[in-house]
Colleague: 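Would you mind keeping the following structure in view while I ask a few things?
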Amino acid sequence: LTVECWARVHSKGGFNILVANEPKSSRAHWEIYTYAKTGGFSAYLPANRPAEIKSGIDVTDGKRHHLAMVIDAGRIRLYVDGREVANAKDTRPPGRIKRPGQLAFGALVSGPIGCDGAIDEVRISKVARAITSPPTKPLDTDADTVGLWRFDKPDKTGRFADASRKAGPAAIVRRGGRPRQLGENETLVIAPPADIVSLRKMLKAALAELSLPSLVGA
């Protein structure tokens, strides 16, 4: 796995989430972020020992940085602008997750921690890419790209296209109805493709069980 992003983070008072996969309660959860108070680029994988991988390199200086996490050959490595800044064992149990969950940018999937900054583009790959220097051109796709999102400008529906073959657009999700904290106002989330056939079967069975002709007024 390789997770890359360009980011500009402005403060270190709290944690700043860059990219997060699934809720923290999932054994497949991982996140890359900056550490509170120190601003150090870090990663959190709850199924790993150690769960926290901290580089100690402050990236909350308001400057644009290329940040990456690479997992391969039993190691988890972190990179800042092409330089390896952390290296730890990958001790997570083997096995694939059959049902993928959501992916969030600039926040946790379940909230409420956000990001005081901006994320330019994110690329996720199913291979360990060689990180030797900051990219000199926009990130590109190939057969190993799981997703590539550029956050320059949303389309007319408010979504950001996925340049990979999976074509899973990112949608802006606004959290309202409660006091807002720093970075909590919006998050970009990728939803897994809906299984429409199964959903229709479940709804039909529910209507039959409730003796309802439709969901109107239910």
Colleague: Taking Leu67 as the starting point, is it possible to reach Tyr79 by hopping between hydrophobic residues whose side chains are less than 4.5 Å apart?
Modeller: no
Colleague: Can a donor-acceptor pair be found, under 3.5 Å and without considering hydrogens, that links the side chain of Asn87 to the backbone of Arg77?
Modeller: no
Colleague: Could you tell me which non-hydrogen atom of His10 sits nearest to which non-hydrogen atom of Gly62, and how far apart they are?
Modeller: ND1-CA, 4.0 Å
Colleague: Applying the 4.5 Å side-chain criterion to the ILVMFWY set and letting contacts propagate, would Met69 and Val19 be lumped into a single cluster?
Modeller: yes
Colleague: Walk me through whether Ile57 and Arg83 qualify under side-chain contact (heavy atoms from CB on, under 4.5 Å).
Modeller: CA-CA 11 Å; Ile57 304 300; Arg83 181 168 64 96; 4.0 Å; yes
Colleague: Where the side chain of Thr2 meets the backbone of Val127, is there a donor-acceptor pair that is under 3.5 Å apart?
Modeller: yes
Colleague: Distance to the ring centre below 6.0 angstrom and angle to the axis at most 45 degrees; does that hold for Lys12 and Tyr35?
Modeller: no
Colleague: Find out whether Asp81 and Pro134 are in side-chain contact, i.e. whether some heavy atom of one side chain is under 4.5 Å from a heavy atom of the other.
Modeller: yes
Colleague: Can you tell me how far CD1 of Ile131 sits from OG of Ser133, rounded to the nearest 0.5 angstrom?
Modeller: 8.5 Å
Colleague: Going by side chain to side chain donor-acceptor pair (under 3.5 Å), Asp120 matches just one of Arg8, Arg64, His66. Which one?
Modeller: Arg64
Colleague: Under the criterion salt bridge (charged side-chain N to carboxylate O under 4.0 Å, His left out), I'd like the reasoning laid out for Asp90 against Arg92: C-alpha separation, chi angles, the key distance, then a yes or no.
Modeller: CA-CA 6 Å; Asp90 181 8; Arg92 295 170 303 149; 2.9 Å; yes
Colleague: Take atom CZ of Arg165 as the centre, draw a 6.0 Å sphere, and report whether it contains more than 12 heavy atoms from other residues, nucleotides or ligands.
Modeller: no
Colleague: Quick check against the 3.5 Å criterion: does Asp162 have a side-chain atom that pairs as donor or acceptor with the backbone of Leu148?
Modeller: yes
Colleague: Just verifying a value: how many Å separate Glu121 CD and Cys5 SG, rounded to the nearest 0.5 Å?
Modeller: 9.5 Å
Colleague: Do Phe160 and Val146 share a hydrophobic cluster (ILVMFWY, side-chain heavy atoms under 4.5 Å, transitive)?
Modeller: yes
Colleague: Starting at OG of Ser110, measure out to NE2 of His29 and round the result to the nearest 0.5 Å.
Modeller: 8.0 Å
Colleague: Once rounded to the nearest 0.5 Å, what's the spacing between atom CZ of Arg129 and atom CD1 of Ile124?
Modeller: 11.5 Å
Colleague: Would you check, one step at a time, whether the test side-chain contact (heavy atoms from CB on, under 4.5 Å) holds for Thr145 with Leu139?
Modeller: CA-CA 10 Å; Thr145 306; Leu139 298 175; over 6 Å; no
Colleague: For the NZ atom on Lys24, are there more than 12 heavy atoms of other groups (residues, nucleotides or ligands in this structure) within a distance under 6.0 Å?
Modeller: yes
Colleague: Under 4.5 Å between side-chain heavy atoms, counting indirect links through other Ile/Leu/Val/Met/Phe/Trp/Tyr residues: same cluster for Leu1 and Val80 or not?
Modeller: yes
Colleague: Pair Trp149, Phe105 - check ring-ring contact (aromatic ring centres under 6.0 Å, His included), show working.
Modeller: CA-CA 10 Å; Trp149 300 270; Phe105 307 110; 5.1 Å; yes
Colleague: Any side-chain heavy-atom pair from Ile119 and Trp6 closer than 4.5 angstrom?
Modeller: no
Colleague: Restricting to non-hydrogen atoms, name the atom on Ala20 and the atom on Leu108 that form the minimum distance, rounded to 0.1 Å.
Modeller: CB-CD2, 4.1 Å
Colleague: Quick one: pull up CG in Leu212 and CG in Leu207 and give me the separation to the nearest 0.5 Å.
Modeller: 6.0 Å
Colleague: In Å and rounded to the nearest 0.5 Å, what is the CD to OG distance from Glu31 to Ser42?
Modeller: 9.5 Å
Colleague: Could you check whether atom CZ of Arg159 has more than 12 heavy atoms from other residues, nucleotides or ligands sitting under 6.0 Å from it?
Modeller: no
Colleague: Quick one: do Ile53 and Leu18 end up in the same hydrophobic cluster if we chain Ile, Leu, Val, Met, Phe, Trp and Tyr together by side-chain heavy atoms under 4.5 Å apart?
Modeller: yes
Colleague: Taking all non-hydrogen atoms of both residues, which atom of Ala47 and which atom of Pro93 are closest, and how far apart?
Modeller: O-CD, 3.9 Å
Colleague: Give a yes or no on whether the backbone of Ser125 and the side-chain of Asp144 come within a donor-acceptor separation of less than 3.5 Å.
Modeller: no
Colleague: Before giving the answer on side-chain contact (heavy atoms from CB on, under 4.5 Å), spell out for Val3 and Trp30 the whole-Å C-alpha distance, their side-chain angles and the decisive distance to 0.1 Å.
Modeller: CA-CA 10 Å; Val3 183; Trp30 52 257; 3.5 Å; yes
Colleague: Measure from the side-chain N and O atoms of Ser26 to the backbone N and O of Pro23, and report whether any donor-acceptor pair falls under 3.5 Å.
Modeller: no
Colleague: side-chain contact (heavy atoms from CB on, under 4.5 Å), that's the test. Do Ser11 and Thr60 meet it? Break it down for me.
Modeller: CA-CA 5 Å; Ser11 67; Thr60 60; 6.0 Å; no
Colleague: Ignoring hydrogens, what is the shortest heavy-atom contact between Val9 and Asn16? Give both atom names and the distance.
Modeller: CG1-ND2, 3.5 Å
Colleague: Testing the basics here: between Tyr33 and Glu52, what is the closest heavy-atom pair and its distance to 0.1 Å?
Modeller: OH-OE2, 3.6 Å
Colleague: State, with a plain yes or no, whether a side-chain heavy atom of Thr34 is found less than 4.5 Å away from one of Phe15.
Modeller: no
Colleague: Would you say the side-chain atoms of Ser55 pair up with the backbone N or O of Val85, donor to acceptor, closer than 3.5 Å?
Modeller: no
Colleague: Tell me the closest heavy-atom pair linking Arg150 and Pro138, and the distance in Å.
Modeller: NE-CB, 4.3 Å
Colleague: For the pair Asn48 (side chain) and Ala51 (backbone), establish whether a donor and an acceptor sit closer than 3.5 Å, ignoring hydrogens and angles.
Modeller: no
